[in-house]
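For reference, the structure discussed in these notes is given below.
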Amino acid sequence: MRMDMKTRIANLTSAAMKALWPEAEGLPAPEELRSLLAVPPDPAMGDYAFPCFRLAKSLRMAPPKIAEALCAGWTHTETASVQPVNGYMNFFLNRENFARETMAELMEKGERFGASDMGAGKTVCLDYSSINIAKRFHIGHLSTTVLGNSLKRIYDFLGYRTVGINHLGDWGTQFGKMICAYKRWGDRETVEKGGVDEMTRLYVRFGVEAKKDPTLEDEGRAWFKKIEDGDPEALEIFHWFKDVTLKDAMRVYDILDVHFDSYAGESFYNDKMQPVIDELRAKNLLTQSEGAWVVDLSEDKMPPCLILKKDGATLYATRDLAAAKYRQDTYHFDKCLYVVAYQQDLHFRQVFRVLEKMGCPWAKDCVHVAFGMVSLGGEALSTRDGVIVYLDDLLNEAIAKAAGIIEEKSPNLENKAEIARQIGVGAVVYTTLSNNRIKDIDYPCDKEEYTDEDGVPRTRYQINWEMALNFDGETGPYVQYTHARCRSVLRKAEGVSASPDWRALTNDEAQHLLRLMSRFPDVVKEAADKYEPSMITRAVTDIAQAFNKYYYEHRILDGEPEAVAAKVALTAATASLIRTGLWLIGIEAPERM
Ligand code: ARG
């Protein structure tokens, strides 16, 4: 199998150590050595640096002496020349050799460069998006949707079996109230037409009317009881509400190209909680507190985890306990990721702890992949105060703006509508995945004051698209544009068939680009380890920038045919890698823009 340059350097260095100090114990094995190889911040210090401090103890030698000895004995100059600097062994790759080896690997693997089978035989469950029924899909659910989608693709790429789960919020007394409101003031056609908005309107009306007539609350409760008891009419309406909500959500999922393997939501666990409650009781974990049943977690310095309310009703946590067990029994996951906002941190710590107390060894494989808060123009989201942007509005607006730009820049493009969708989605997804997930995201907004139908003054929040759709800044469209630029060069290069002369790629710009590309497989693995798609966003952006720098400094199609062949191959590899990287974060790469 072909080896990447870092592995090769690690192996050679490891062998050199063994040869120099055959008796020494505790020298790092090649794999560990590879992880110790650092990339100096300044390329003048070399491509890799090995810190010799790590060996001082085993060899009973000062690090600078070790570095000097290692460098003096180094014979692999066809791979890299070396230099001892302050206890580091610095490697300067042989540029032509590095270009040849890296290009060989890039060309061999193509769009699978960075893929792996490290996950073979392992399963990762991902709980993401997990929207709530009868609520409109708004910007607050954007992060979980695109983060989860990206993580799923990353784990797929690394060979894992993945199970995408949309843990629908489809249980709660509000559905009883909604049915009550629907029976009194709604009709089928209006709900079919108005969708989730109409359901929300009914629910709001229920609140208003119930203030005047408190018996409505009883009526709402009675309807909820009917859903619980499986009354056919109540169930029919409830399922229909669900279908209408999902139909709305599907439009968003289609635009984003996001998919799930399961829509088993909270209500799915209605008949799966009793065994969990019985088990908790049998294991003496349930205690009564003010009439409710809880698992005491004071030893863990957490508030108790609520399992049953006074009236016997189950809770969010009860459902999550049943869901976790169901997922383990059904999918035998090696990891179960919950891509949910940071605000639910305590909830997940409680649930995972209770699973541990129940004796589930796999509780340690449950991970809350938390992310930061979303705000609009500096204001926290609030449906009530109108600080809200709906996801379909957001996406449609991005797509419309992208269409406008295409119309201006390349009016003769084929397939304009589809490309506008790809660019609009690219802008939105990139913005969401461009920083560490835990960082709060503030979407820059323009605010517009208006008066609604009822005469109430309101504010409409419009994302500021100038930034997100900029083709020159660090944006999704910029990276997509770089890919399209590569493809355009490649179309002009058709027919180039000479055997590549890799000396054409020994200049600084080409080497920098190759260096970034050669690190990509490590980036993908690290992104998976840290549940951090933004690392891939960073990597593709750096690669796009490096290519553009190269493109401005070097004429790809000019020169000796062998040199052109090498430059064209580099361009093809860049296009392919950008495409792969974008795909991993959930962005498409149009051929032309
Ligand atoms: N529906 C919940 C919400 O919107 C998220 C559910 C997350 N998943 C879970 N298993 N609790 O806040």
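Indexing begins at 1, ligand by ligand and atom by atom, following the structure's order.
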Contact check: N132 vs ligand 1, nitrogen or oxygen atoms, below 3.5 angstrom: yes

For F175, the option from F238, F206, F241, W240 that meets ring pair (Phe, Tyr, Trp, His ring centres under 6.0 Å): F238

Residues forming a salt bridge (charged side-chain N to carboxylate O under 4.0 Å, His left out) with K447, sequence neighbours excluded: E379

Carboxylate-amine/guanidinium contact R136 D393, below 4.0 Å: yes

Ion pair K183/E219, N-O distance below 4.0 Å: no

Would you mind running through ligand 1 and noting each atom that sits below 4.0 Å from a heavy atom of [X]?
{"X": "Y338", "answer": "10 (N)"}
{"X": "V340", "answer": "7 (C)"}
{"X": "D127", "answer": "7 (C), 8 (N), 9 (C), 10 (N)"}

Contact partition for D320 relative to ligand 1, non-hydrogen atoms under 4.0 Å: side chain

Any side-chain donor near an acceptor of the partner, Y430 and T541, under 3.5 Å: yes

Taking atom 12 (O) of ligand 1 as the reference point, the nearest protein heavy atom with its distance: Q344 NE2, 2.9 Å

Ring-face cation of R327 near W362 (centre distance under 6.0 Å, axis angle within 45°): no

Heavy-atom proximity to atom 5 (C) of ligand 1, best of Y128, Y316, Y269: Y316

Proximity flag H141 to ligand 1, non-hydrogen atoms under 4.0 Å: yes

